[in-house]
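Computed from heavy atoms alone, side chains included, the values below leave out hydrogens, waters and symmetry copies. Remember, it's 1-based here, ligands and their atoms both numbered in the order they're listed.
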Amino acid sequence: MKRVLITGATSGIGKALVDIYTKKNFEVVAAGRDPIKLANLKQDYPKIKTLSFDITQLQQALDAASEVNNIDQLILNAGNCEYMESVNPFDSALFERVIRTNLLSVGYCLEAFLPKLARFGQIGIVSSSVTYLAFTQSQAYGASKAGLNYLARSLSVDLASQEIGVSLIQPGFVETPLTDKNTFDMPSKVTAEYAAKTIFNGIQAKKHSIKFPRFFISILRLLSTLPFALWRKIATSLVNK
Ligand SMILES: NC(=O)c1ccc[n+]([C@@H]2O[C@H](COP(=O)([O-])OP(=O)(O)OC[C@H]3O[C@@H](n4cnc5c(N)ncnc54)[C@H](OP(=O)(O)O)[C@@H]3O)[C@@H](O)[C@H]2O)c1
């Protein structure tokens, strides 16, 4: 039986991944920071193993890793989104918080769990489609996810000799508690179940890149080819609406 470890398994995309991986007969190690949410998850999926740790704390990640071995698939999904209310004055505390939760934490989890990954294993790193374009108030979230894009690509190069693959995952808008907080329009929003199924299939196929939904990503890609001066005008006009 293959084993998967999923961070951020207590909510949204991570929880939907637990559901699909369980149905596909994987041994699921579900990681989260809230013991009550993990206990509730275990009630719904009695066969899973749960791991409770805060991804922003290296020692907690290392301690958690001592409880698992032989992981075939490692999905680093946990993260948070905080938008910047203003950039002048610049809220460096928020910036640090988001970079720590979304980017540094992945480094901690890699230090902890990479030695546990089996040969021919696959890592999934959940970034975002936000990195295609510069959006208002997204300085911290976008920078954290752009960092993940580079990390995933560069990791993939160096892990090739160990037969370990890396899938860079860039979702568009997904209906989860994270996006429930948003007050703006979210075009082409998909369900967490759709996201999990797409990620699952992509990881089994060892895809380097998993992006969805397709039409939304195509539009972002097209817009990203515009000269920045033109995109800046469009983005600024959206801010002033
Ligand atoms: N939803 C979208 O539209 C969307 C789009 C692109 C990318 N993403 C990315 O997809 C990933 C999952 O997002 P989601 O929408 O499913 O969000 P979510 O429903 O808020 O779930 C986030 C998960 O991460 C966990 N987490 C957050 N901080 C943590 C920490 N310090 N230590 C341990 N666990 C922590 C949360 O635990 P708690 O339940 O304890 O808070 C929760 O399980 C994130 O990386 C997000 O940036 C989401």
Show the short N or O contacts, below 3.5 Å, that ligand 1 makes with protein N or O atoms; if there are none, say 'none'.
| residue | atom | partner | partner atom | Å |
| --- | --- | --- | --- | --- |
| ligand 1 | 1 (N) | Val174 | O | 3.2 |
| ligand 1 | 1 (N) | Thr176 | OG1 | 3.3 |
| ligand 1 | 3 (O) | Val174 | N | 2.7 |
| ligand 1 | 3 (O) | Val174 | O | 3.3 |
| ligand 1 | 15 (O) | Thr176 | OG1 | 2.6 |
| ligand 1 | 16 (O) | Ile13 | N | 2.8 |
| ligand 1 | 19 (O) | Ser11 | OG | 2.5 |
| ligand 1 | 19 (O) | Gly12 | N | 3.4 |
| ligand 1 | 24 (O) | Gly79 | N | 3.4 |
| ligand 1 | 31 (N) | Asp54 | OD1 | 2.9 |
| ligand 1 | 32 (N) | Asp54 | OD1 | 3.4 |
| ligand 1 | 32 (N) | Ile55 | N | 3.0 |
| ligand 1 | 39 (O) | Thr10 | OG1 | 3.1 |
| ligand 1 | 39 (O) | Lys37 | NZ | 2.7 |
| ligand 1 | 40 (O) | Arg33 | NE | 3.1 |
| ligand 1 | 41 (O) | Arg33 | NH2 | 2.9 |
| ligand 1 | 43 (O) | Gly8 | O | 3.3 |
| ligand 1 | 43 (O) | Thr10 | OG1 | 2.7 |
| ligand 1 | 45 (O) | Asn77 | O | 2.8 |
| ligand 1 | 45 (O) | Lys145 | NZ | 3.0 |
| ligand 1 | 47 (O) | Tyr141 | OH | 2.7 |
| ligand 1 | 47 (O) | Lys145 | NZ | 3.0 |

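Below 30°, between 30° and 60°, or above 60°: for Phe212 and Tyr194 the angle between ring planes is above 60°, a perpendicular geometry. Between Phe53 and Phe113, the angle of the ring planes lies from 30° to 60°, which puts this pair in the tilted group.
In this model, a donor atom of one side chain and an acceptor atom of the other lie less than 3.5 Å apart for Tyr21 and Gln73. At a cut-off of 3.5 Å, with distance as the only test, a side-chain donor of Thr131 or Asn149 sits close to an acceptor on the other residue. Residues Asn80 and Tyr141 bring no donor and acceptor atom of their side chains to less than 3.5 Å of each other.
Between Leu168 atom CG and Lys207 atom NZ the span is 13.0 Å, to the nearest 0.5 Å.
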